[in-house]
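To keep things clear, I will list the structure first and then write my remarks on it.
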Amino acid sequence: MKDKALSLPSESHNNRITFFMNGQQITEELPAGISTLDWLNQTKQMFGTKCSCNEGDCCSCTVVIAKAVDDKVIYEAITSCLYPAAKLHGKHLITIEAMGTPNALHPIQQALLDHHGTQCGYCTPGFVMSMFALFAMHNHPDKEAIFAALEGNLCRCTGYQSILDAALEISRNYCKEDLIPAWCSEVESKLLEKGVPAAMLLLHKDSNRLVSKYLMPETMKLLFDYLQTENSAVVIAGGTDLMVQMNIGRKEFPVLIDITCIEELKRIYLQSDGLHIGACVSYAKMFDSELVHNSCPHLHKLISQIASQQIRNFGTLGGNIANASPVGDTLPLLLALDATLRLQTELEMRQLPIRSFFKGYRQTALQKREIIKEIILPLSPENSYVRTLKSAKRKSVDISAVVSAINLQRSLGYTQNACLAFGGVAATPLVSRVFTGLVNNKPLSSLDAAQIAKAVAAEFKPLSDVRGSALYRNKLIENHVIIYLSELQKEVL
Amino acid sequence: MSKLPYHLAGPLHLCGKSRFIADEPELKGMLYAKFLFSPVAHARIKKLDVSEAENYPGVFKVITANDIPGENMIGHVIKDEPLFPTLEIMFAWQPLAMVLAENERCAELAVKRIKLEYEELPAIYDPEEADARQEWYVPERKIECGDIVTAFDNAPYILEGKTTNSGQEHFYMEGQRAIAIPFEDSRITIHCATQSTMEVQEVVSHVLGIPAHDIVVDVPRLGGAFGGKERAATIWASMAALGAFVCKRPVQVKLSRDEDMHATGKRHPFTSLWKVAYDEQGKLLAYDVQLLANGGAYTDLSVAILERAMFHSDNTYYVPNMLIRGRACRTNLPPNTAFRGFGAPQGIFVIESILDKIAQQLQLDPLALRILNAYQNGNITPYGQEIKECQMASILAKLATNAEYDKLKSEVAEFNHSHTQHKRGLGIVPVKFGISFTTALLNQGSALIWVYIDGSVSVSTGGVEMGQELSTKVAIVVSRVLGISTDKIRVESSNTQRVGNASPTAASTGSDINANAARIAAEKIKENLKEPAAKLLAQQFGHEAEPHEIVFAEGKVFILKNPESAISFNDLVRFAYSERIPLAAYGYYRTPDLWFDREIGQGHPFHYFVYGAALAEVEVDLLLGEHTVTKLFIVHENGASLHEQIDMGQIAGAAIQGYGWCTMEDLVWDTNGHYTSANPSTYKIPGIRDLPEVFKVEIMPSQSLEASVFGSKATGEPPLIYGLAVFFALQAAVQEVNPEAVLSFPATPEAIILAQEHRGN
């Protein structure tokens, strides 16, 4: 049956969105800016999805989104606390309520029961949903893939061994087809019918909500129209930071413009000047992209160390840059690679090296009514050495104390174009001037790693904060340099 | 015996259908609470004006101390904690007033309109500073044995030092919450996430000035607790009750994760000053230790926690001469409280640090040193309890075998010889953990069982289900007594109307006390059923039997010598009802032989001990300070387990929790007494990637005569201490490059990097 609601013109989407929930198509009026979790718990009175931290750090509230990408449907786990419900428009929301019943458990639930993978039960629905997304996309994932899918889901009771054992059992014994319920497959064909119209969610002015208008343009033109008329508008991409500011910081955003429906911003393509990545490309999409894997393997590798699968599924590269956090995980690499930003206003597009983009603590060169459209990563020559290091308290899903990236070329035992950049050492991510001076155009074998490391460390005056003391951060700067240089020198030998 | 059940609530949990308080449809007319939390750690309140907040649209009432009809001062034994302070703020994020509004947003906006004026006072956060000022809740506690003065005078070797451990956030996945619903007259029902229904009832009774029978406390289950809802839950339940009592509307108190982490107490940081004497073989001769507990603003459970730390200062070692002194110090942090282990991990950490140090000094094998000093049967602990079933020799032998200890040691040595940036280390921690509340009166419990006429069974105990699968264990015990499947048994919420005066579900005693009480109740019902059974069997099959010959098994009832001629349990129950036989029973259990005299520091505080040991191997990246737990071996003795997989879950989960405590869980507070890591983006508990690469837990069954229900032993807390093996392994790895390294606690990458250059203690 032709799905009419999804092809309606945008005017009728004022204040309502259309999507599928657990197999059923629904059209809902939504309060602007409400998170999927709040919508489930408060509006729908569905309590299977659990709120434990409300800031994307525990994944108890994981739900699965099925959506059409190109010509196939993908299943993604997301933290519903940080996912604006408006983004459900045109997608399929799958929650724990539909996964199985106590008398007829889904195979994932049965395996968790058999392995005693649930104790207090509070984190359990989140684990079930994360595992569902994993197994709906991959046949027989290995331990590393299971870790990647579950690294964000916290459990304080089991110590994880029983959960891992359950996941390994599913991986051995089941294929995707066995695990995707029929009602999910039925929705897939409807999702593939193209076109999600723009939507606009408004609230009455006297409402006490943090957001009173949430706009979802589908074209650049509409975006700039909105930016023109809405003076106080803030642009939201994935929202993985902005939603925390709302949920925890209780910050008000009168008007939010969500740019993730604009197809132009979600492309990855190769040109002579480098790899172009649209601002709204998610970490997961970059990670899975063959183009990224082949032409920028270090970015691919770095992404696996960023956040959790749930956040990687909707956090964006453009968001990480525009957010301009001094500890943004991708920023040192982009600096070291000398990436260029394509910035767009209604009338013009300009290109700006990312090295000129960060102006101060969370301040950027973005002008009013200007957005980041694309990031251009120059292709690294064959003789390049590119590496990143991220230091944090926990191995995974942690914000760095110090993050660094190095990029240089080796030619006949000499270094060229050496660049080293850091996050977590100042108010903005920074390129080390000292490093370039000491290392560039030098014979690799002559470099005194310890001395250079000390000199680079002396260049920065990091702060002490909850993630680490200044002394520790300085030591990390030093040690990152030593690790890079000794690896380089080992290669020469 | 029939097949053991899985987690009885598991299918509900897995489908998101199990009930958690406040994750359920809204009640009509419900008011939502938001708090004004103190911005400072220590201050005198000059003015608290709530009038503007009270007039804010949507606000029903702002509750302050003035609204309390009964007593404001609450507390466990020492009532030094106000529900709302009126004169003196004692810690940052102390709740000062509660706004009740139609929704949370209104309430939070109104909170901003409360006017607070205060005069800041100097604050103390360090237990040593508090100790120097004699800021103690109670005078120093002491336990001693032998003659330490002479022993130190004659000692060949003496070491002295100071050891500190940091606190730990409980990080139960379900935060603090309560819903209170007014009922007819002044009566009130409270649904709250507490480990202690009796304490909530008692405190609410004090605060509202109404008798306990006007207050019903009901706890369906908790989404994790770990001690953090033993006492700390009471305050939030009392707030909800007060709101509902004053406003005559249902009231919901539900803390956000950040509020919860800021405002609630945690595991106690300890600073311990010690001196130890030993001989050339490494035999311990004398141990003098002073334990300073950082108790926070109010007494809470600090004195009991300190006491348990003192009881575990010997851990598994026989030391003939000991002086153990403990002082619980008042500081301006949120009142620290129970946390799995309850002081024992802190006490054990000190002596284990010392043993590693002695091993290093004498160049002895750390495992051999622990075997040399291990308790043996007949030894007397410093508090006078005889060791009767010591399992340490066989546990440590098994641990060495499982880990292939000698081979492992040489592999580690070889690795360290051939690597510079990476080093490996081994750590060993044995555990002896005393089971029973050290406050003897708490070691009692009750159960109420109804057998309905269709043969289905309802069991209530005072125990609270919080993921430890107490309900499953209680059901197993009742099923074993009545010979019926666990499917036919419902273990109910913990409710003060069904089971009153219930001790907290804590101190690992949940199953010992509550399953024993349920066993006793079930046995009573079984006795009641034997006579009608004999009658029915005679009617149906013509077999005559004495009541003691009747057997209950697999849902059937029969005479031992005629198992084929059986009646079903269901038919028997219906028949018994028609015969007017009581089908309900109350069971009461108290743990035998417990006493302790605090004046002389002597007694028999524990029913029995749980023994075990852990061995960890780690690999450290010296330049990044990061580590991997490459191996973790555990051998854990636990009597005749009621359900090995449940116990395995407790052991594995506790060990990882302990591992988190001593490595990544970094509880930081600033110079103003605010926790700066009070959110999950900066406070990191272990995730799935932190699993040891090799993780082998062996449960060692034992024929213990001291053990509890059906020969089983408690499992909740002891295994947390196994996690400390990782800390000592990390320290050993760092000592490969700096033999004098003293790793600070927790062993974060920062600690590991800085320890490489740190000299001396």
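Within every chain, numbering begins at 1; the chains are lettered A, B, ... in the order of the sequence lines, protein sequences first and strands thereafter.
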Most chain B-contacting option - heavy-atom pairs closer than 4.5 Å, from [options]:
{"options": "Asn247(A), Asp398(A), Ile108(A), Thr95(A)", "answer": "Asp398(A)"}
{"options": "Leu154(A), Val128(A), Thr124(A)", "answer": "Leu154(A)"}
{"options": "Lys50(A), Arg394(A), Lys393(A)", "answer": "Arg394(A)"}
{"options": "Thr49(A), Leu210(A), Asn41(A), Asn153(A)", "answer": "Leu210(A)"}
{"options": "Met99(A), Glu55(A), Gln42(A), Arg467(A)", "answer": "Glu55(A)"}
{"options": "Glu97(A), Glu478(A), Lys395(A), Lys143(A)", "answer": "Lys395(A)"}

From CA spacing to verdict: salt bridge (charged side-chain N to carboxylate O under 4.0 Å, His left out), Lys631(B), Glu693(B) | CA-CA 6 Å; Lys631(B) 298 188 174 91; Glu693(B) 286 176 353; over 6 Å; no
Considering only heavy atoms, which portion of [X] lies under 4.5 Å from any heavy atom of chain A: side chain, backbone, both, or neither?
{"X": "Glu469(B)", "value": "side chain"}
{"X": "Lys684(B)", "value": "both"}
{"X": "Thr628(B)", "value": "both"}
{"X": "Ile651(B)", "value": "neither"}
{"X": "Asp23(B)", "value": "both"}
{"X": "Ser256(B)", "value": "neither"}
{"X": "Leu691(B)", "value": "side chain"}
{"X": "Ile685(B)", "value": "both"}
{"X": "Arg105(B)", "value": "side chain"}
{"X": "Glu665(B)", "value": "side chain"}
{"X": "Ile688(B)", "value": "both"}
{"X": "Gln421(B)", "value": "side chain"}
{"X": "Glu626(B)", "value": "side chain"}
{"X": "Met664(B)", "value": "both"}

Assert yes or no for the condition that the ring centre distance of [X] to [Y] is strictly below 6.0 Å.
{"X": "His116(A)", "Y": "His643(B)", "result": "yes"}
{"X": "Tyr172(B)", "Y": "Phe226(B)", "result": "no"}
{"X": "Phe339(B)", "Y": "His170(B)", "result": "yes"}

Any side-chain donor near an acceptor of the partner, His627(B) and Thr663(B), under 3.5 Å =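 Checked: His627(B)/Thr663(B) side chains show no N/O donor-acceptor pair below 3.5 Å.
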Of all the heavy-atom pairs spanning [X] and [Y], show the shortest one and how long it is.
{"X": "Ala149(A)", "Y": "Ser130(A)", "value": "O-CB, 4.0 Å"}
{"X": "Lys254(B)", "Y": "Ala22(B)", "value": "NZ-O, 3.2 Å"}
{"X": "Ser171(A)", "Y": "Ile146(A)", "value": "CB-CD1, 4.5 Å"}

[X] portion near chain B, given a 4.5 angstrom heavy-atom threshold:
{"X": "Lys44(A)", "answer": "neither"}
{"X": "Leu105(A)", "answer": "side chain"}
{"X": "Ala392(A)", "answer": "backbone"}
{"X": "Leu476(A)", "answer": "side chain"}
{"X": "His106(A)", "answer": "neither"}
{"X": "Glu151(A)", "answer": "both"}
{"X": "Ser162(A)", "answer": "neither"}

Pick from Ala654(B), Pro680(B), Ala751(B), Gly653(B) with the largest number of heavy-atom pairs that fall under 4.5 Å of chain A | Pro680(B)
Under a 4.5 Å heavy-atom cutoff, which of Ala655(B), Ala652(B), Pro749(B) has the most pairs with chain A?
->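 If we count pairs closer than 4.5 Å to chain A, Pro749(B) comes out on top.
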If the threshold is 4.0 Å, N to carboxylate O, is there a salt bridge linking [X] and [Y]?
{"X": "Glu757(B)", "Y": "Lys475(A)", "answer": "yes"}
{"X": "Arg209(A)", "Y": "Asp38(A)", "answer": "no"}
{"X": "Arg689(B)", "Y": "Glu144(A)", "answer": "yes"}

Report yes or no: is the cationic atom of Arg257(B) (NZ for Lys, CZ for Arg) under 6.0 Å from the centre of the six-membered ring of Phe171(B), at an angle within 45° of the ring normal?
->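 Judged by the rule (NZ or CZ under 6.0 Å from the ring centre, within 45° of its axis), Arg257(B) counts as positioned above Phe171(B).
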Looking at Val629(B), Ile634(B), Val726(B), which hits side chain to side chain contact (heavy atoms under 4.5 Å, CB included) with Pro692(B)?
-> Val629(B)
Atom CD of Glu698(B): over 12 foreign heavy atoms under 6.0 Å |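 Correct, the count exceeds 12.
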Going from OG1 on Thr43(A) to CE on Met46(A), what distance comes out if it is rounded to the nearest 0.5 angstrom?
->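 The distance works out to 11.5 Å.
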Atom OG1 of Thr472(B) and atom NE2 of His7(B): how far apart are they, to the nearest 0.5 Å?
->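 One finds 5.5 Å between OG1 of Thr472(B) and NE2 of His7(B).
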Would you say Leu622(B) and His419(B) make side-chain contact, with heavy atoms under 4.5 Å?
->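 No - every pair of side-chain heavy atoms lies 4.5 Å or more apart.
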